[in-house]
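Written out below as structure tokens is the structure these notes cover.
Since the structure is predicted, the reported quantities are computational estimates derived from the model, not experimental observations. These numbers come from the heavy atoms of this one structure, side chains and all, not from hydrogens, waters or symmetry mates. Numbers here are sequence positions counted from 1. Remember, it's 1-based here, ligands and their atoms both numbered in the order they're listed.
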Amino acid sequence: MEQNSIRGLCDLHTHTNFSPDAKSAPEEMCERAIELGLAKYAITDHCDVNFWERAEGDGVRDFDMYGSGKYAPASIAAQTALKEKYAGRLDLLCGIELGQPLQNIEKAEQIMADKRLDFIIGSHHQNAGQDDFYWIEYDKLDSYEISALLEDYFTQMYEMCRRGGFDVLGHLTYPLRYICGEYGIQIDLRRFDDIIAEIFRTLIGGGMGIEINTSGLRQKYGRALPDLGFVKLYRELGGEIITLGSDAHCSADLGKGIAQGAEIARQAGFRYTAYFKARRAEFIKL
Ligand SMILES: [Zn+2]
Ligand SMILES: [Zn+2]
């Protein structure tokens, strides 16, 4: 039973109804985290800084996420109160998923400087001036165009990692959730091995880590983001900081895939999983 097997582990990537695309109240998520026996639990609501304010006519379609940056301070305030409320029952870590920091540096830096935060995931959901990978119709693109999108994805992510200011890189290989999972298009990422290795070296040098995002395991893609191969590469390059996150957008998904994620980490040679408190990495035995 997964419910028992994740006891003592962490789920450090989850969304509450402070995220425009998530359903459950923070209290409901916390109650579920207690039920699952998680050692540490983080709420990481969306803060897509490129959508801080509703923007008209910028050609980007991700209407659902407009304003998602603006909700982040409210999520942080609610989490800060909940840390008190659940003290002694749940080790709640105050987190945020900072999306596209380079696309609104002023707001990103405002969030990065927030002392209430324990943990920041840095995520890249969309290339500058383009739609979120979620929205792109890959069946209307040829393999060259898909390849160009991925080239931009890794290049912009590399720049994001060079700038830093977050704790772990969110869901590396996120576009595959849609390209491979939803559209069934096979992608060979070997041509990006060099830049991915460079991304890992940059993270390691900057004291940052990666997450194993287990959402892909319960979706059509059927694999973790990233999968074992890249987790191994990260380890081989000297990576020590790895976190586990379900990317749950409702309480029913909390903790899902965390046991498999822990197994991927073990197979890659990790003996410890990380969590962040007051923006500092701490470790729990796997
Ligand atoms: Zn994300
Ligand atoms: Zn997320």
Got a donor-acceptor contact below 3.5 angstrom from the Ser24 side chain to the Ser251 backbone?
yes

Verify the distance test for His46 against the Zn ion (ligand 2): any N/O/S atom under 2.8 Å, yes or no.
no

Check Met160, Met208, Glu211 against Leu169 for a side chain to side chain contact (heavy atoms under 4.5 Å, CB included) and give me the one that passes.
Met160

The Zn ion (ligand 1) to nearest N/O/S of His125 below 2.8 Å
yes

Are Phe133 and His125 close enough that their ring centers fall under 6.0 Å?
no

Heavy-atom donor-acceptor pair, Arg266 side chain to Tyr272 backbone, under 3.5 Å:
no

Atom nearest to the Zn ion (ligand 1) - Glu97, N, O or S atoms considered
OE2

What N, O or S atom of Asp247 is found closest to the Zn ion (ligand 2)?
OD1

Among Leu12, Ile121, Ile120, Asp118, which residue satisfies the side chain to side chain contact (heavy atoms under 4.5 Å, CB included) criterion with Asp167?
Ile120

Angular separation of NE2 (His13) and NE2 (His15) seen from the Zn ion (ligand 2), to 10°:
110°

Does His171 bring an N, O or S atom to within less than 2.8 Å of the Zn ion (ligand 1)?
yes

